[in-house]
Amino acid sequence: MDYRMYIAERLPVEGVGKEEIAESISVPPDLSLGDYALPCFKFAKLLHRSPAAIAEELAASFPADGVIAGATAVNGYLNFRIDRGGLVRETVGRILREREGYGSSEVGAGKTVCIDYSSVNIAKPFHIGHLSTTVLGGALYRIYKFLGYTAVGINHLGDYGTQFGKLIAAYKRWGDRETVQRGGIHAINDLYVRFNEEADEEMEKEAREYFRLIESGDKEANAIFNWFKELTLEYVKGIYDVLGVTFDSYASESFYIDKMGPVIGELREKGLLTESRGAQIVDLEAYGMPPFIVLRSDGASLYATRDLTAAFYRKQTYDFDKCLYVVAYQQNLHFRQLFKVVELMGKDWAKDLVHVAYGMVSLEDGAMATRKGRVVWLEDVIRRCVEKAQAVLAEKNPDLPDKEEVAKQVGVGAVIFGALYNSKIKDIVFSYEKALNFDGETSVYVQYTCARAASVLARARAEGLSWTGEALPPCEEEFELAKRLADFPSVVLSAAENYEPSYIARYLVDAAQRFNKFYIGCKILSAEPDVRLSRLSLTEAALVTLKNGLALLGIGVPEKM
RNA sequence: GCACUCGUAGCGCAAUUGGAUAGAGUGUCGCCCUCCGACGGCGAAGGUUGUGGGUUCGAUUCCCGCCGGGUGCACCA
């Protein structure tokens, strides 16, 4: 039920469209004022009357019915009271009918959205800074699918550049098969770090030569490089598995090397390419930006060239309606340039390219610096959160079955939730103290709330009770919970529109708070038989909604914890 | 220097996209387990929304100036 539209349709205001009225309807700061409100100030000029007078007139003529119980005018606001029993009945009924589908929709049917996220580099282990793009992208991927879109998850693997020549050079100097096979990606990274520490002119030359060998198809160099690639993919897939993240494409940078020609050709044809200081560039001075360098003065391509090519490839391959780049705001300028170049090439789909920028992670003692050993590996964070969960479970619920599995859901959930709870643009200063705190506004709180609800439902089933969405006229706590549950579908929509999974995370905490107030304030199992069934329905509706929301973030819900 | 971005309670953050008395959490101080799970609930204290203007009936939100933090600015990815 869309209450805003329902009200708008029954509220004729001269010279104002229904859509506009519906959009103007807000929620009063205090429920005692009403459930919805229409501020009448903006109509004052149009109707040549005071806002208060307009509100009163509208209140007098508004037809109360079984949906909207009444309208009152207060200080220029027209406040509506909805029929509470109706809302609870409809909401609970709908949730128990739709179940896992509650909150989903078909708005995206027939549309495709590409999401470029996580995008790791070969031989670079995950540190805490990689968490945001991975869980943000993963959440957006699930949210878009939930809304009926065809989502394409793309891991734009970084596997091209002289740095990979360094990798081979370092391995040839100091590496050996066993150490790397055993130590995996961290062992390769150690070699890389050492190379950068010790590198002189001679070694740099060597690295460039190895990169040239990779490019020219040299057997040995490519064998080593492909081996490193495999080790990297094996490693990241392990982490993705834990975080519940999936991809449909791992098309890497090198994948685009032989596809750049036509794109560069088109730039040239359209007269966008000019030479400057020996390099081929697209001049963006008119747009207040530095040039977009397409080819270096030595003729080599750049990251930007391959990104441009990738955009064309994705458009051609997936015919996306939208293509998201979940990348830190550090690369703001890069994407503004990239999108502008696509626009200058006359592609109307330039407007469908979106940089989903998020804030940066630092540590308490400053920016992360792998060389100085100032780095927090993601595996360590996950491991320590799971260990913390194990410790808490051992203390609070020692008899719990599948303790390991539950600890994993709780610990991993905390890692994901911590990265998604705040607006994505905010910078994060990582600390274990914060990461390991499971109190308050956390996934653990939401999961605990679910466990409480599940426990009540299990007891009721054990008593042979069954319920199917019945709802009696609600008390205050029941109403406030049900009203919030009714918001879930629109929260999911707006999370997608704003690329903000945090909207869902915040919603879940708020909904869980309301459930807990209901749980503390109203007896469920010991209530009168008909009230009991009504409250069991509401309890299950809350559980279903919380579960659906957590699932969108990639967080599981244990039955007991 | 220029561009982008952030600035809200001691701390890390919200605020329905311009609406009514700026909200939860955490930390501090109290209270509540003979009552469905205390990883919980209730209460107290805590604010000149960085600052000065402007637009508006109304500004935390929009515009301009300043202050402070972060990021970026030609051949790295």
Side-chain angles (χ1 to χ4, degrees), chain A residues 23-30 33 37-42 44-45 50-51 74-77 79 119 121 124 158 160-163 253 276-281 288-298 300-307 328-334 336-337 357 359-360 362 367 389 392-393 395-397 410 421-423 425-429 431 434 437-442 444-449 451-460 487 490-491 494 498 502-503 506 509-510 512-513 516-517 519-527 532 535-536 539 560-561:
Chain A
E23 274 173 35
S24 302
I25 292 174
S26 59
V27 177
D30 190 336
L33 287 164
L38 178 68
C40 298
F41 309 98
K42 59 175 79 163
K45 237 177 242 167
S50 77
V74 183
N75 298 330
Y77 287 88
N79 294 333
S119 300
N121 285 322
K124 285 282 174 66
Y160 193 86
T162 45
Q163 49 170 325
E253 282 198 77
S276 170
R277 301 180 208 173
Q280 297 292 313
I281 65 155
M289 289 186 273
F292 183 84
I293 301 175
V294 179
L295 293 174
R296 299 195 314 213
S297 44
D298 65 0
S301 69
L302 288 108
Y303 171 72
T305 324
R306 300 183 290 272
D307 242 8
Y329 67 65
Q330 225 171 13
Q331 298 200 37
N332 231 311
L333 178 59
H334 165 72
R336 277 178 53 217
Q337 290 179 301
M360 317 239 314
S362 59
V392 175
L393 287 173
E395 189 201 326
K396 305 210 177 191
N397 204 345
V410 172
Y421 192 60
N422 290 335
S423 312
I425 199 67
K426 297 274 184 184
D427 287 331
I428 296 169
V429 178
S431 78
K434 278 185 278 175
N437 177 26
F438 292 175
D439 296 328
E441 298 170 330
T442 63
V444 184
Y445 173 78
V446 182
Q447 286 170 321
Y448 178 74
T449 305
R452 264 183 160 177
S455 170
V456 172
L457 297 174
R459 277 168 183 268
D487 292 335
S490 68
V491 170
S494 100
N498 296 286
S502 68
Y503 286 9
R506 292 200 169 262
V509 167
D510 191 54
Q513 279 172 343
N516 281 319
K517 284 180 189 186
Y519 177 88
I520 299 292
C522 313
K523 289 191 175 74
I524 301 170
L525 290 173
S526 54
R532 181 168 62 183
R535 289 184 176 166
L536 283 167
T539 299
K560 293 182 178 175
M561 62 184 276

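Letters A, B, ... mirror the listed sequences (proteins, then strands); counts begin at 1. FYI, side chains are in, hydrogens and waters are out, and symmetry mates aren't considered; it's all heavy atoms of this structure.
A:Tyr160 comes within 4.0 angstrom of the backbone, heavy atoms only, and of no base. A:Ile293 comes within 4.0 angstrom of a base, heavy atoms only. When heavy atoms are screened at a 4.0 angstrom cut-off, A:Ala304 is found touching no nucleic acid atom at all. Across all strands, A:Pro290 comes closer than 4.0 Å only to sugar-phosphate atoms, never to a base (heavy-atom distances). Across all strands, A:Asn79 comes closer than 4.0 Å to base atoms (heavy-atom distances). Note on A:Gln331: a base of the nucleic acid sits closer than 4.0 angstrom, heavy atoms only.
In this structure, A:Asn422 places its CG atom 16 Å from P of B:G25, rounding to the nearest Å. One interatomic measurement links the two molecules: CG of A:Leu333 to P of B:U5, which rounds to 13 Å at whole-angstrom precision. Regarding A:Ile425, its CD1 atom lies at a distance of 16 Å from the P atom of B:U8, rounded to whole Å. Residue A:Asn75 contributes atom CG, which lies 12 Å from atom C1' of B:U21 at whole-angstrom precision. Nucleotide B:C2 holds its P atom 18 Å from the CG atom of A:Asn332, rounded to whole Å. Residue A:Asp510 contributes atom CG, which lies 14 Å from atom P of B:G23 at whole-angstrom precision. Here the C1' atom of nucleotide B:U16 and the CG atom of A:Asp30 are 15 Å apart, to the nearest Å. The interatomic distance linking A:Lys42 (NZ) with B:G18 (P) rounds to 10 Å, in whole Å.
With the nearest nucleotide of RNA chain B identified for both A:Gln330 and A:Ile428, A:Ile428 has the one nearer the 5' end. Projected onto RNA chain B by closest heavy-atom contact, A:Tyr421 and A:Ser494 fall at different nucleotides, the more 5' of which corresponds to A:Tyr421.
A donor-acceptor distance shorter than 3.5 angstrom exists from the side chain of A:Thr442 to the backbone of A:Tyr445, with no hydrogens or angles considered.
Taking all atoms of both residues into account, the shortest heavy-atom contact from A:Ala357 to A:Ile425 is O-CD1, 4.0 Å. Residues A:Asn422 and A:Arg506 come closest through the heavy atom pair OD1-NH2, 2.9 Å. Residues A:Gln337 and A:Pro291 share a closest heavy-atom pair of NE2-O, 3.2 Å. Among all heavy-atom pairs drawn from A:Tyr421 and A:Ser502, the shortest one is O-CB, 3.5 Å. The two residues A:Ala328 and A:Met360 come nearest to each other via the heavy atoms CB-SD, 4.5 Å.
When both distances must be under 3.5 Å, the Watson-Crick or G-U wobble mate of B:U16 does not exist. Applying the Watson-Crick and G-U wobble criteria (two distances, each under 3.5 Å), B:C73 pairs with B:G1. Pair assignment for B:A44: B:U28, on the basis of Watson-Crick or G-U wobble contacts that are both within less than 3.5 Å. Across all strands shown, B:G54 is found opposite B:C62 as a Watson-Crick or G-U wobble partner, with both distances under 3.5 Å. Shown here, B:G68 forms a base pair with B:C6; the pair counts as Watson-Crick or G-U wobble because both key distances fall under 3.5 Å.
B:U26 and B:A44: their P atoms are spaced 16 Å apart (whole Å). Only the P atoms considered, B:U17 is 13 Å distant from B:C62, to the nearest whole Å. For the C1' atoms, the distance linking B:U16 with B:U60 amounts to 14 Å, nearest Å. When the P atom is compared between B:G40 and B:G25, the two are found 10 Å apart, to the nearest whole Å. Remark: the separation of the P atoms in B:G23 and B:G47 is 14 Å, to the nearest Å. The same atom, P, is picked in B:G30 and in B:C63; the two are 47 Å apart, to the nearest Å. For the C1' atom pair drawn from B:G7 and B:C66, the interatomic distance equals 14 Å after rounding to whole Å. A distance of about 10 Å separates the C1' atoms of B:U8 and B:A15, rounded to the whole Å.
In terms of polar N and O atoms assigned as donor or acceptor, the side chain of A:Ser276 comes within less than 3.5 Å of the base of B:A74 in a complementary pairing. Judged by distance alone, with hydrogens and angles left aside, A:Asn498 brings a side-chain donor or acceptor within reach of the base of B:U17, the pair sitting under 3.5 Å.
The 12-atom threshold is not exceeded at NZ of A:Lys523, counting heavy atoms of other residues, nucleotides or ligands nearer than 6.0 Å. Other residues, nucleotides and ligands contribute at most 12 non-hydrogen atoms within 6.0 Å of the CG atom of A:Asn75.
Side-chain N/O atoms of A:Lys426 include one lying less than 4.0 angstrom from OP1 or OP2 on B:G7. Put simply, A:Arg277 has no side-chain N or O that comes within less than 4.0 Å of OP1 or OP2 on B:C75. The phosphate of B:U26 (OP1 or OP2) has no side-chain N or O of A:Lys434 nearer than 4.0 angstrom.
Nucleotide B:C66 carries an anti base; the chi torsion (O4'-C1'-N9-C4 or O4'-C1'-N1-C2) is more than 90° from 0. With a glycosidic angle no more than 90° from 0, B:U17 adopts the syn conformation.
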- [ ] Assign a letter to each nucleotide of nucleotides 30-43 of chain B from its 5' end: B, base within under 4.0 Å of a protein heavy atom; S, sugar-phosphate only; -, no contact.
- [x] ------BBSBSSS-
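One side chain, A:Asn516 or A:Thr449, offers a donor N or O that lies under 3.5 Å from an acceptor on the other.
The aromatic ring of A:Tyr77 sits over the base of B:A20, with ring centres less than 5.5 Å apart and planes tilted by under 30°.
Here the side chain of A:Lys45 is nearest to one of B:A20, B:C57, B:C75, namely B:C57. Checking B:A3, B:G25, B:A14 against the side-chain heavy atoms of A:Glu441 singles out B:G25 as nearest.
When ring centroids are compared, A:Tyr303 and A:Tyr160 stay outside the 6.0 Å threshold.
Between A:Val456 and A:Arg535 the shortest side-chain heavy-atom distance does not fall below 4.5 Å.
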